[in-house]
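Okay, so here's the structure we're looking at.
Keep in mind the model is a prediction, meaning the values are calculated, not measured. Residue numbers begin at 1 in each chain, while the letters A, B, ... track the order of the sequences.
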Protein chains: 2
Amino acid sequence: MGRDSRGEQKRSITLTDVARLAGVSVATASKALNGRRQVRDETRQRVLAAAETLSFTPNPFAQALNMPRSGTVGMLTSDLEGRFALPIMMGAEDAFGSGATSVLLCDARGDAERERKHVEALLARRVDGLIVVGSRTDPRPSLGQRLPVPVVYAYAPSDDDADVSFVPDNIRGGALAVEHLVAGGRRRIALLAGDADYAAARDRVAGVTEALQAAGLELVGGAASFGPWSEAWGRRVTAELLDSDPEVDAVLCGNDQVARGALETLRERGRRVPEDVWVAGFDDWEVLTTSSRPPLTSVDMNLEELGRTAARHLFHAIDGQRHGGIVTLPVRLVVRESTGGAENGAD
Amino acid sequence: MGRDSRGEQKRSITLTDVARLAGVSVATASKALNGRRQVRDETRQRVLAAAETLSFTPNPFAQALNMPRSGTVGMLTSDLEGRFALPIMMGAEDAFGSGATSVLLCDARGDAERERKHVEALLARRVDGLIVVGSRTDPRPSLGQRLPVPVVYAYAPSDDDADVSFVPDNIRGGALAVEHLVAGGRRRIALLAGDADYAAARDRVAGVTEALQAAGLELVGGAASFGPWSEAWGRRVTAELLDSDPEVDAVLCGNDQVARGALETLRERGRRVPEDVWVAGFDDWEVLTTSSRPPLTSVDMNLEELGRTAARHLFHAIDGQRHGGIVTLPVRLVVRESTGGAENGAD
DNA sequence: CTGAAAGCGCTTACAG
DNA sequence: CTGAAAGCGCTTACAG
């Protein structure tokens, strides 16, 4: 009964074993185990007991051969390195993880050809759906509408309206930050927006602008500054800002790295944060926000929840409901000392 | 844009379809496709062509039902948040990814019970092997020897010698750093080791101590300092160090966050880096090392390669070879300006 | 309620 | 070299 003796594989327990022990046919055993109602209760108990004592685990391949679902979804990421993909993956994994669905992980390394291959491989494995996780909020090429399974896009939206995408609400994030600054009495607000090539940067600027107008204010210098997402740029542009607009009383930065740079320069120039100037960033990257002097207020993108939402949507799409479009998900402001501290309660 | 109405494929292409088109039996088709040698070459070509035109993809479940391998491995991580797990996963995914093996991802969130459940679920899915990725180099509980598939541990080693574990060589890392400092003429070296509760911290101290002895030197202050892995601690303990040992000419830090703190305090105290004092860290976390003033020399743990190695080992273990023990993998020093810059060529 | 039988799509001895 | 047949482990009409 054994296989090749090299592997010394113990034959695993099959439904036949369970049926034999319970004294029923495999058909009945199957029904009992799957909760079909055409089984006498006493019989079902007997089968369940038998399965229990034998530690029976149904062979998923045999099951899949008879059922429409494989119980796996593919997660396609373009950059595992990127820190944005991670929390999203956590959320998605979390939403599936505990259930009967498993996540097949693929990293395309930002290479389109590699991505194509991975999609093919995932489909060959008969995944029930695909979740595509990107590293920036700019639209990415759609996988197309001809795939045999539903697809959702997380963080990086598809460029095709027919697809469903989930992205953080960067516009609202910009507005949230401004409202907080204004509520704290700030009137001369500068915006160090980051890299204009990123939709995230532009969206945040849009939200900031809106909220400022609503408050009857204008940006210091008349417009946002754009530059690399780095501490170095944050330091440099903040120095320029202090020269050109020494009266500035708040510096809002496009991400936490820029904000770290701003904090450093302000400190070196003798400006006290938050007494003289308030500073805030975006992304709420803890390693940066909690250790700065002072700790940094930041807009958190709620990425884990975004991943969870995307996964849940995929679930429903698998069950037949589909609709397209980009869904923006709420973000939240995390207030720390750089804008007066948590007791200053915003939002 | 004409719509192709033939795309209504309910039933997917099976081997039977291929066989029919090629005018052979499914048995022959199977052999041809699988490279069995008992097939006439002309026949094989015909089958391959048929498969090609039909875009045939073998059903993996049917295949798995007949073969000893499922073609999937489980990756069990205790914390997707942790930045160490990520590059390791990338490496592992990379080693498998392109091949016929897929990675099933599970995150146990550091919860033992959850981990147990995930292992069970992965085994139920008939994974061919398990790769357990931890977030610190301290030993973790073994999954035990009773699992039906091979297991390898990455970063966090198993506490059971019978298991195979891959960890970065922190001892050698400590030595590497010291050798570099000494080669640069440093004689009064301080060690801000980080959290003594971590094996990584203690191992690095051990390597540092060894290398110092070899050079006939001693640590400034006679011993390493221990504290939290934070910039704040790095700042504080560096201030103390400058008070107690103003002659210090190198500060080696247990990780990059501590090193960032050290750099800041040195700068504020008017010490020039690297002219007066050299500074180096561990982990080579780019967001921290490349944007500091000056950019920070750091020992890189080569985590992606570690993940790749672990995955490859699992491959071989699946093929039957097994042996236990903890394997330490090489790390490397990345020299930046904080120790004189790359041209100062160390290692 | 229960079970014999067909079948999911593929592979592999085993005869031709 | 090729194919008929058995079988992998399970599910589901379909008869009892």
- Set of residues satisfying side-chain hydrogen bond (donor to acceptor under 3.5 Å, both in side chains) with respect to D128(A), sequence neighbours excluded: S70(A)
- Message: For Watson-Crick and G-U wobble pairs within 3.5 Å on both distances, what is DNA chain C written in dot-bracket notation, | included for inter-strand pairing?
- Response: |||.||||||||.|||
- Message: Looking only at the aromatic ring of each residue, does the gap between the centers of Y155(B) and F166(B) stay below 6.0 angstrom?
- Response: no
- Item | side chain to side chain donor-acceptor pair (under 3.5 Å) evaluation trace for D159(A) with S142(A) | CA-CA 6 Å; D159(A) 60 8; S142(A) 172; 4.9 Å; no
- Item | Residues touching DNA chain C, which here means a heavy atom under 4.0 Å, drawn from residues 56-64 of chain B | F56(B), P58(B), N59(B), A62(B), Q63(B)
- Nucleotide nearest N66(A) (side chain, heavy atoms from C-beta), chosen from dG7(C), dA13(C), dG7(D): dG7(C)
- When rounded to the nearest 0.5 angstrom, what is the spacing between CE in M90(A) and CG in L105(B)? 10.0 Å
- Matching residue for F56(A) among L33(A), L21(A), D17(A) - test: side chain to side chain contact (heavy atoms under 4.5 Å, CB included): L33(A)
- Task: State plainly whether the residues R114(A) and D94(B) are in salt-bridge range, i.e. N to O under 4.0 Å.
- Result: yes
- Between dT12(D), dG9(D), dG3(C), which nucleotide gets closest to the side-chain atoms of T28(A)? dG3(C)
- Task: Could you grab the distance from atom CG of L329(B) to atom CG of N302(B), nearest 0.5 Å is fine?
- Result: 8.0 Å
- Message: Any side-chain N or O of S30(B) below 4.0 angstrom from OP1/OP2 of dT12(C)?
- Response: no
- Which listed nucleotide (dT11(C), dG9(C), dA13(C)) is nearest to the side chain of L65(A)? dG9(C)
- note: Q38(A), atom CD; dT2(C), atom P; distance rounded to Å ~ 10 Å
